[in-house]
Q: 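Handing you this structure, nothing more for now.
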Amino acid sequence: MLLAIGRRAIPSLKGRGTANFLGTDLRLGTLSRMPIPLRSNVLRMTPYTPGKPIDEVKRELGLSEVVKLASNENPLGPSPLAIQAVQEAAPQMHLYPDASGYSVKEKIATKFGVERNNVLLGNGSDELIHLLGLVLLEPGTNMVVGNPTFVRYDAAAHLADIELRKVPLTETWHHDLDAMAAACDSQTRLVFVANPHNPTGTVREKADFEAFLAKLPSTAVCVIDEAYVEYASDLDLPDSVGYVREGRPVVALRTFSKAYGLAGIRVGYGIAPAEIVDAIDRAREPFDVNSLAQIAAIAALDDEKHLAESRKVNAEGMARIAALATELGLTTVPSRANFICIHVKRPGQEVFDALLKRGVIVRSGGPLGMTDYVRVSIGTPDEVSAFLTAFREVMA
Ligand SMILES: Cc1ncc(COP(=O)(O)O)c(C=O)c1O
């Protein structure tokens, strides 16, 4: 017998009264404590810890001014063109989005010189990482990543309950591409390389990368996660999209969350072999990228002015922070992303806590795998000034 409670229908349990999904015995009004058979691989996972929200810090510490430099967002906000497009599209919110993402895929395909069936769209690139795991990883396979690296890669492996091979970064916090290639075998299905990398901001340039790709087994799909690539476009970067055009098993993963300033509306994209796009289309939810997100992405792609300004503010803020670190006798990891890691020579958590008390939220390096570091997102000039003042006090 099926019993409907709220919106869920579950079987009632014979001899135990009527149970709802929390295990409460409704007839007796007591907890029946029936074990819930959750998957052990899921229980081994830790939930994602986002940067501390501004309002929470204000409330907890009684502060009126708080600056958040913790989540690598664009301090300039979204492109004005995206804001305008979303405002104009808002009255159409009662309609389902275009499930195929036709217009935004067309726009991306034209920009990158690929076919529309080479374009992935996701509810943030986080969703695409998840979906890549879903369509490529199965029992007996393995996945190779750097260590430390962006935590959502690990989640894809844990969800698939497969072996995750974590290859330490080099002493200079770069991906050790030789060691990563050596960690692959015929069962490797996914290799993630964030370039620029998170949490370090380091970059692997084209020559090294191509040598690495040549060593990978043909069964391994290499995801080049270019979430921060717009900040590093003056470098000799791997031609990620070109590799897809050449028919290599490569996915170039991108996002509108960083330089395009659309983190809150959630759009990620990727250029990938058509077979991968097709597989993901089968597995994904049909309306995963909402209509306003699609509209905002199209408008943002046209806003070269906003992109140029975002790069400029980032480069200037980064230089100011690196200069203060040098003045204080500290080193930084050379970053080409929109954040910088500072070696604070004591537990990053202590510096995080002391900055928090002064109304500046950064990331402690500990949970990111960089114990004696803090990671600071680059803010507006005023936000950077607030950080510099607080940091100088804390390190004095
Ligand atoms: C390297 C990297 N990849 C992917 C993402 C996910 O970005 P989003 O889901 O907002 O597109 C992030 C976010 O911080 C990141 O640092």
Side-chain angles (χ1 to χ4, degrees), residues 46-78 83 148 150-151 198-201 227-228 231 257-265 306 309-333 335 337-396:
T46 36
Y48 180 74
T49 317
K52 233 173 152 41
I54 291 181
D55 285 343
E56 190 179 306
V57 175
K58 282 186 177 169
R59 225 175 20 246
E60 284 176 2
L61 298 176
L63 297 169
S64 55
E65 289 299 316
V66 170
V67 166
K68 184 181 171 200
L69 301 174
S71 298
N72 308 337
E73 292 141 338
N74 188 329
L76 298 184
I83 296 176
F150 183 53
V151 288
N198 182 12
T200 61
Y228 303 96
Y231 298 105
S257 297
K258 308 297 175 185
Y260 291 103
L262 298 180
I265 210 163
H306 177 262
E309 185 63 11
S310 302
R311 286 192 181 115
K312 182 165 169 277
V313 166
N314 189 60
E316 288 169 2
M318 179 99 72
R320 288 175 66 203
I321 295 176
L324 178 66
T326 307
E327 186 193 317
L328 298 176
L330 304 173
T331 54
T332 53
V333 180
S335 168
N338 65 349
F339 53 83
I340 184 165
C341 291
I342 308 174
H343 188 199
V344 288
K345 300 186 190 165
R346 58 173 117 153
Q349 189 64 36
E350 280 178 30
V351 176
F352 168 88
D353 289 336
L355 287 170
L356 200 63
K357 286 197 190 111
R358 289 164 176 79
V360 180
I361 313 170
V362 297
R363 279 289 182 119
S364 160
L368 303 174
M370 303 176 78
T371 314
D372 290 347
Y373 286 78
V374 289
R375 193 194 69 187
V376 188
S377 304
I378 311 301
T380 60
D382 284 350
E383 288 169 340
V384 170
S385 298
F387 167 76
L388 296 180
T389 306
F391 190 64
R392 194 184 277 281
E393 276 174 32
V394 167
M395 299 309 292

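Note that this is a predicted model, so its numbers are computed, not measured. All values below were derived from every heavy atom in this structure, side-chain atoms included, with hydrogens, water molecules and symmetry-related copies excluded.
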Q: Between Glu316 and Lys312, does at least one N-O distance fall below 4.0 Å, as a salt bridge requires?
A: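 Answer for the salt bridge query: yes.
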
Q: Is a side-chain donor-acceptor pair under 3.5 Å present for Arg363 with Ser377?
A: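 Side-chain D/A pair, Ser377 to Arg363: absent.
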
Q: According to ring-ring contact (aromatic ring centres under 6.0 Å, His included), who are the partners of Tyr373, at least two apart in sequence or on a separate chain?
A: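 Tyr373 satisfies ring-ring contact (aromatic ring centres under 6.0 Å, His included) with Trp173, His343 once adjacent residues are dropped.
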
Q: Please name the residue in the list Ile361, Val376, Asp382 that meets the side-chain contact (heavy atoms from CB on, under 4.5 Å) test with Phe387.
A: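 Between Phe387 and the candidates, side-chain contact (heavy atoms from CB on, under 4.5 Å) is satisfied uniquely by Val376.
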
Q: Mind checking the OG-CD1 spacing from Ser310 to Ile378? Nearest 0.5 Å is all I need.
A: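 Reported to 0.5 Å precision, the distance equals 13.0 Å.
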
Q: Could you give me the CA-CA distance, side-chain angles and deciding distance for Lys68 and Glu383, then say whether side chain to side chain contact (heavy atoms under 4.5 Å, CB included) is met?
A: CA-CA 8 Å; Lys68 184 181 171 200; Glu383 288 169 340; over 6 Å; no

Q: For Val362 versus Leu355, what's the shortest heavy-atom pair and its separation?
A: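 In this case the closest contact between Val362 and Leu355 is CG2-CD1, 3.7 Å.
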
Q: Would you give the length of the straight line joining atom CG of Leu368 to atom OG1 of Thr200, rounded to the nearest 0.5 angstrom?
A: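 Rounded to the nearest 0.5 Å, the CG-OG1 separation comes to 10.5 Å.
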
Q: Which heavy-atom pair separates His306 from Ala259 by the least distance, and what is that distance?
A: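 What the structure gives for the nearest pair is CE1-O, 3.7 Å.
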
Q: Identify the heavy atoms of Phe339 and Gly201 that sit nearest to each other, and give their distance.
A: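 In terms of heavy atoms, the two residues are closest at CE1-N, 3.4 Å.
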
Q: Between Val360 and Phe391, is any pair of side-chain heavy atoms under 4.5 Å apart?
A: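 Side-chain contact under 4.5 Å: no.
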
Q: Nearest 0.5 Å please: distance from the OG1 atom of Thr332 over to the CZ atom of Arg375.
A: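 Result: 15.0 Å between the selected atoms.
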
Q: Is the shortest distance from a Lys or Arg side-chain nitrogen in Lys52 or Glu60 to a carboxylate oxygen in the other one below 4.0 Å?
A: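 Yes.
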
Q: Does any N or O in the side chain of Arg358 come within less than 3.5 Å of the main-chain N or O of Ala386, such that one atom is a donor and the other an acceptor?
A: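 No; judged by distance alone, with no hydrogens or angles, the pair does not exist.
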
Q: Return yes when atom CD of Glu327 has more than 12 non-hydrogen atoms of other residues, nucleotides or ligands closer than 6.0 Å, and no otherwise.
A: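 Enclosed.
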
Q: Do you know which two heavy atoms are closest between Ala325 and Ile342, and how far apart they sit?
A: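 For Ala325 versus Ile342, the nearest heavy atoms are CB-CG2, 4.2 Å.
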
Q: Report yes or no: does Asn338 contribute a side-chain atom to a donor-acceptor pair with the main-chain N or O of Lys258 at less than 3.5 Å?
A: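 A pair under 3.5 Å: no.
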
Q: With a 4.5 Å heavy-atom cut-off, do Leu324 and Arg320 have their side chains touching?
A: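 They are not in side-chain contact.
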
Q: Once you round to the nearest 0.5 Å, how far does CG of Leu63 lie from NZ of Lys58?
A: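 Leu63 CG to Lys58 NZ: 9.0 Å, rounded to 0.5 Å.
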
Q: Tell me, do Ser257 and Glu73 make a side-chain contact under 4.5 Å, heavy atoms counted?
A: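 They are not in side-chain contact.
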
Q: Please report the shortest heavy-atom distance between Ser364 and Gly348, naming the atom on each side.
A: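 Answer, listing the atom of Ser364 first, then Gly348: OG-C, 3.6 Å.
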
Q: Which value, rounded to the nearest 0.5 Å, describes the distance between Asp55 atom CG and Arg59 atom CZ?
A: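 Here the rounded value is 6.5 Å.
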
Q: How many angstroms lie between atom CZ of Arg346 and atom OG1 of Thr371, to the nearest 0.5 angstrom?
A: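 Going from the CZ atom of Arg346 to the OG1 atom of Thr371 covers 15.0 Å.
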
Q: What are the two closest non-hydrogen atoms of Ile340 and Ala322, and how far apart are they?
A: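 Distance-wise, the nearest heavy atoms are CD1-CB, 4.1 Å.
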
